[in-house]
Amino acid sequence: MMSKQPIRVAVTGAAGNIGYALLFRIASGAMFGPDQPVALNLIEIPPALDALKGVVMELDDCAFPLLKDVVATTDMDEGFKDVNWALLVGSVPRKAGMERSDLLGINGKVFTGQGKAIGANAAADVRVLVVGNPCNTNCLIAMNNAEGVPNDRFFAMTMLDENRAKTQLAQKAGVDVTEVSNMTIWGNHSATQYPDFYSAKIGGKSAAEVIDDEAWLKDTFIPDVQTRGAAIIKARGASSAASAANGIVDSVRALTTPTAPGDTFSMCLCSDGSYATPEGLIISFPCRSDGQKIEIVKGIELNTFSRTKFDASVQELSEEREAVKDLI
Ligand SMILES: NC(=O)c1ccc[n+]([C@@H]2O[C@H](COP(=O)([O-])OP(=O)(O)OC[C@H]3O[C@@H](n4cnc5c(N)ncnc54)[C@H](O)[C@@H]3O)[C@@H](O)[C@H]2O)c1
């Protein structure tokens, strides 16, 4: 029997917290399935190379049957060579006293270089998922610098926000999390994101109707989802890593397997002007996949409350684009 060709996956920031939770799940088959071999291209910056060597030793020590090759490098051309997926996790964290615009500028340079290296080296079918924050605008920069790679191959992650929102709604309604569907995060992966409880469904009915507590939905649910990352840091003393890695696995699965009938998933992708948004921005929309092609689901009703929240988040994305306009 002919064995399948490995899917080659680049992960930047591979020695970081999320990397440490993510690589083992990719190598175990959680991302591409139990009969799909994988190869890992692990990309780091020089100060993290020793730590990365330790991670490679641990990958070796798992003897994963599906893991066919591991490349560990600080060289982007080598790191993105022939990759089918590029998971851009690494980025420079915001430090005390740093303005959001400083962060955009510093990371902007990183994602310019990564976009160029992906364009020059990746496989013809490469798809890119940006996780490192600010992920929407980092994705915008990478997309605009990756020569020859179509815009519809670029994504940024709001799956962790979707998963957080689903569990909050399920716990409030006292139902199993699998009862919650159509949980759309609209806009930017930031504190302005809008988790839409009107179009989300619980057991097939509007979550707003089932929960029947608009004050809780507006004043507790929305801010809890928007600021969950900060709450995790406060509780754990470190930022969310395992749940973020799980969001990455769920994102790639959502993009590569057919979406359940009637359901949608949240993904940031290049706007085609849907829902009267500016074309070319990387915006989180309700999406569906047929396993290959991704579409933005049209025709979801946005009431005035939803529209106002979504518009504010898109406005923030327009401002971020303005701040990095020299890089795109
Ligand atoms: N989109 C989301 O839902 C989501 C969720 C959680 C975290 N994040 C973001 O993910 C990123 C990573 O989080 P973490 O907890 O793993 O951080 P971390 O600081 O533990 O790890 C980041 C790693 O990236 C590396 N790195 C930095 N610049 C790099 C570059 N130019 N090339 C390659 N590697 C580089 C660092 O050396 C470090 O090992 C952060 O930006 C965080 O804000 C996004």
Side-chain angles (χ1 to χ4, degrees), residues 10-23 41-56 71-80 83 86-95 98 100 103-118 128-142 145 154-165 185 187-191 193 195 225-233 236-252 254 265-269 282-284:
V11 179
T12 68
N17 284 309
I18 295 176
Y20 193 65
L22 174 66
L23 302 178
N41 283 21
L42 310 180
I43 305 174
E44 261 294 351
I45 48 176
L49 201 52
D50 278 340
L52 186 61
K53 282 184 186 145
V55 176
V56 175
V71 174
T73 184
T74 58
D75 181 279
M76 283 195 286
D77 289 327
E78 185 187 7
F80 290 117
V83 300
L87 307 176
L88 307 185
V89 179
S91 71
V92 179
R94 190 164 170 174
K95 301 198 183 82
M98 206 189 259
R100 196 176 170 84
L103 186 69
L104 284 165
I106 292 167
N107 279 304
K109 292 194 187 72
V110 171
F111 286 83
T112 315
Q114 293 185 355
K116 288 198 169 96
I118 289 168
V128 181
L129 175 68
V130 182
V131 177
N133 281 318
C135 64
N136 296 58
T137 296
N138 289 340
C139 182
L140 179 80
I141 295 167
N145 284 278
F154 286 83
F155 307 96
M157 186 165 94
T158 38
M159 184 62 81
L160 175 56
D161 309 294
E162 169 177 331
N163 284 340
R164 287 167 169 168
I185 306 293
N188 194 1
H189 168 75
S190 76
Q193 64 176 272
V225 174
Q226 288 171 333
T227 60
R228 182 73 165 181
I232 304 270
I233 293 175
R236 211 173 79 85
S239 67
S240 41
S243 55
N246 182 69
I248 298 171
V249 172
D250 282 356
S251 294
V252 174
F265 60 88
S266 303
M267 187 64 63
C268 312
L269 40 68
I282 302 288
I283 299 175
S284 184

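When a ligand or atom number is given, it counts from 1 through the structure's own listing order.
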Near [X], which atoms of ligand 1 are under 4.0 Å from a heavy atom of that residue?
X	result
Val89	10 (O), 11 (C), 12 (C)
Ala244	5 (C), 6 (C)
Ile43	33 (C), 34 (N)
Cys135	1 (N)

Pairs meeting criterion salt bridge (Lys or Arg N to Asp or Glu O under 4.0 Å) with involvement of residues 10-20, two or more places apart: none
With a cutoff of 4.0 Å, is [X] in contact with ligand 1, counting heavy atoms of the residue only?
X	result
Gln114	yes
Ala241	no
Ser239	yes

Given 3.5 Å as the limit, does a donor-acceptor pair link the side chain of [X] with the main chain of [Y], or not?
X	Y	answer
Asp250	Met159	no
Asn145	Thr112	no
Ser284	Ile185	yes
Arg236	Ser239	yes
Thr12	Gly90	yes
Asn41	Phe80	no

Geometry only, no angles: is [X] polar-contacting ligand 1 at N/O separations under 3.5 Å?
X	answer
Thr12	no
Gly13	yes
Ser240	no
Ala48	no
Asn17	yes

Ligand 1 contact on Val110 by region, counting heavy-atom pairs under 4.0 Å: side chain
Ligand 1 contact on Met157 by region, counting heavy-atom pairs under 4.0 Å: both
Within-4.5 Å side-chain heavy-atom neighbours: Leu129 and Met267: yes
With sequence neighbours excluded, residues passing side-chain hydrogen bond (donor to acceptor under 3.5 Å, both in side chains) with Asp161: His189, Gln193
